[in-house]
Protein chains: 2
Amino acid sequence: MTDRQAAPNSRKAQHIVNEVRRRIIEREWRQGDRIPDEADLAVEFDVARATVNKALQLLADEGLLDRRRRAGTRVAVDPVRKATFTIAIVREQVEQAGMAYSYRVIAQRRSPLPADIAARLGLPEGRTLVHMRAVHYGDGKPFQLEDRWINPHAAPELESADFWHLNANEWLVRNAPYLRADLSFSAENANRRDARLLQTQAGQALLVMHRTTWNDLGPITTVRVAFQPGHVVGAGNTQSRG
Amino acid sequence: MTDRQAAPNSRKAQHIVNEVRRRIIEREWRQGDRIPDEADLAVEFDVARATVNKALQLLADEGLLDRRRRAGTRVAVDPVRKATFTIAIVREQVEQAGMAYSYRVIAQRRSPLPADIAARLGLPEGRTLVHMRAVHYGDGKPFQLEDRWINPHAAPELESADFWHLNANEWLVRNAPYLRADLSFSAENANRRDARLLQTQAGQALLVMHRTTWNDLGPITTVRVAFQPGHVVGAGNTQSRG
DNA sequence: TGCGGAACTATGTCTAGACTAATCCAAGTG
DNA sequence: CACTTGGATTAGTCTAGACATAGTTCCGCA
């Protein structure tokens, strides 16, 4: 009964992860220290080496450990600060905040690519793509402003889609799986249009997100999202599975 | 000879990851479709089930697949958009840009916690912590401004008497391992002090990062980093090991 | 008809053993 | 002394088989 091994089967790897993390946090193993090799730990925890391997790989992915063949595993000197964050679908985000979601397309037309957007997409300037601007609202108040370019060549079914009535955001998520994505954040002073559409004043600092996706046929879409003033995006810990 | 299995041993799981991803991108398997179960795929790829399991778990972590016991694996309807970004150490970031790094501590002293910071840390308002402000420079130009609060109680092994004389940065290095971290981005108009220290004008939109870390003893530190105007932080794809 | 439980099935996790591959290290060579 | 070569060590990956667990489905009973 004193034996509260907690998880007799299932979850041994997680137990090892926790225990190793504890030893690092509590300085039993200090930064730069070599830790016992997989075989030793397997004996200590009474598990198969593969289980130890799984646990340590997870910690290495998190940046807590440095692993090298022959050299062994050591506690990372500069624990890399990683964070993962998930981009929620706007509607869910708004509804989760208990607000009523609505969406308005401001403009949609085919236009030649300006230079800066062309550079993002890696397409020649002047090429004609679909350009649309839309605002997402929560309880009638502007939540975010979206300025998007879509490349129909990368999404064949797109020609038939009518973004005046469909939410482009959601259509793309569901119908255009991507292979690679670029994402970045920056801050910009609201220009006149931003200010008007977000119902704020020109000059207001806005958090801006740029996102571009590609599949095997080329760039799919690039979007500039300007959030309402004061918006905060948060990222969680670097926890994968577990 | 037509057999260009590429990776005869080592890397079979990765091969499966790539192949499954390809089938999804090319719509062989569409959103919501049930895909063959692990046993079948193991036969198809001529590997052990554990190998298929590893591959599919990775894709599920990325959000491309939804897996449930008994119900099987299906292509996610709303591929979750995840991104991981790594916060580089400032010095490395600056030097990688080919600039000379320097660093100046503007102020370091003990101060009572203001309400907003106390809330971040989960400590009572008015508690005395170490407060420091510093600027990081690249080639003499301000790169980022750092406003940090440090909780010495999170480092038990340090005599509190010693602590007050320690360089705060050094202290942080010694206390790097943390259990949990919070990270967020927002945009703020530069106030007078921001503007002065970053050599820009008040009102300029600044990208601001807040970061707080905890270990088992409580909050370690919280920091507000204001980046130079125009700074962009980028996040990579959701690729784990590969 | 409705409900509880039994049977089933696909994934989750682990094991013991094998082989591979990256390195570090030391010994030998020019 | 620098360079090459071979051996030893440690992580990386895979396999075949086993059992655990969570859902689904369906059947019998009230």
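Every chain is numbered from 1 and lettered A, B, ... according to where its sequence line falls, protein lines coming before strand lines. These numbers were taken from a predicted model, which means no experiment stands behind them. Side-chain atoms are counted along with the backbone in the values below, which use heavy atoms only and exclude waters and symmetry mates.
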Partners passing side chain to side chain contact (heavy atoms under 4.5 Å, CB included) against B:A226 (at least two apart in sequence or in another chain) |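 Here the qualifying residues are B:L145, B:L198, B:L206, B:V208, B:R224.
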Please state how far atom [atom1] in [X] lies from atom [atom2] in [N], giving the value in whole angstrom units.
X     : N      : atom1 : atom2 : result
A:I16 : C:dT15 : CD1   : P     : 8 Å
A:D46 : C:dT13 : CG    : P     : 19 Å
B:K54 : C:dC14 : NZ    : C1'   : 15 Å
A:D61 : D:dA11 : CG    : C1'   : 14 Å
B:F45 : D:dT13 : CZ    : C1'   : 17 Å
B:K12 : D:dA16 : NZ    : C1'   : 13 Å
A:R74 : D:dA11 : CZ    : P     : 11 Å

If the plane angle is over 60° it's perpendicular, under 30° parallel, otherwise tilted; pick one for A:H15 and A:F45.
->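 It falls in the perpendicular class, over 60°.
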Pairing of A:E44 and A:R23 as salt bridge, 4.0 angstrom limit =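 Counted as a salt bridge, because a side-chain N and a carboxylate O are separated by less than 4.0 Å.
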Between [atom1] on residue [X] and [atom2] on residue [Y], distance to nearest 0.5 Å:
X      : Y      : atom1 : atom2 : answer
B:W149 : B:T221 : CH2   : OG1   : 11.0 Å
B:T212 : B:R120 : OG1   : CZ    : 6.0 Å
B:Q144 : B:Q228 : CD    : CD    : 9.0 Å
A:N215 : B:R21  : CG    : CZ    : 13.0 Å

Which protein N or O atoms sit under 3.5 Å from an N or O of nucleotides 3-5 of chain C?
none

Flag, side chain of B:R27 to backbone of B:I25, donor-acceptor distance under 3.5 Å =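 Yes; judged by distance alone, with no hydrogens or angles, the pair exists.
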Protein N or O to nucleotides 7-11 of chain C N or O, pairs below 3.5 Å:
unit_1, atom_1, unit_2, atom_2, d
C:dC8, O2, B:R70, NH1, 2.9
C:dT9, O4', B:R70, NH1, 3.4
C:dT11, OP1, B:T73, OG1, 3.0
C:dT11, OP2, B:E38, N, 2.9
C:dT11, O2, B:R69, NE, 3.2

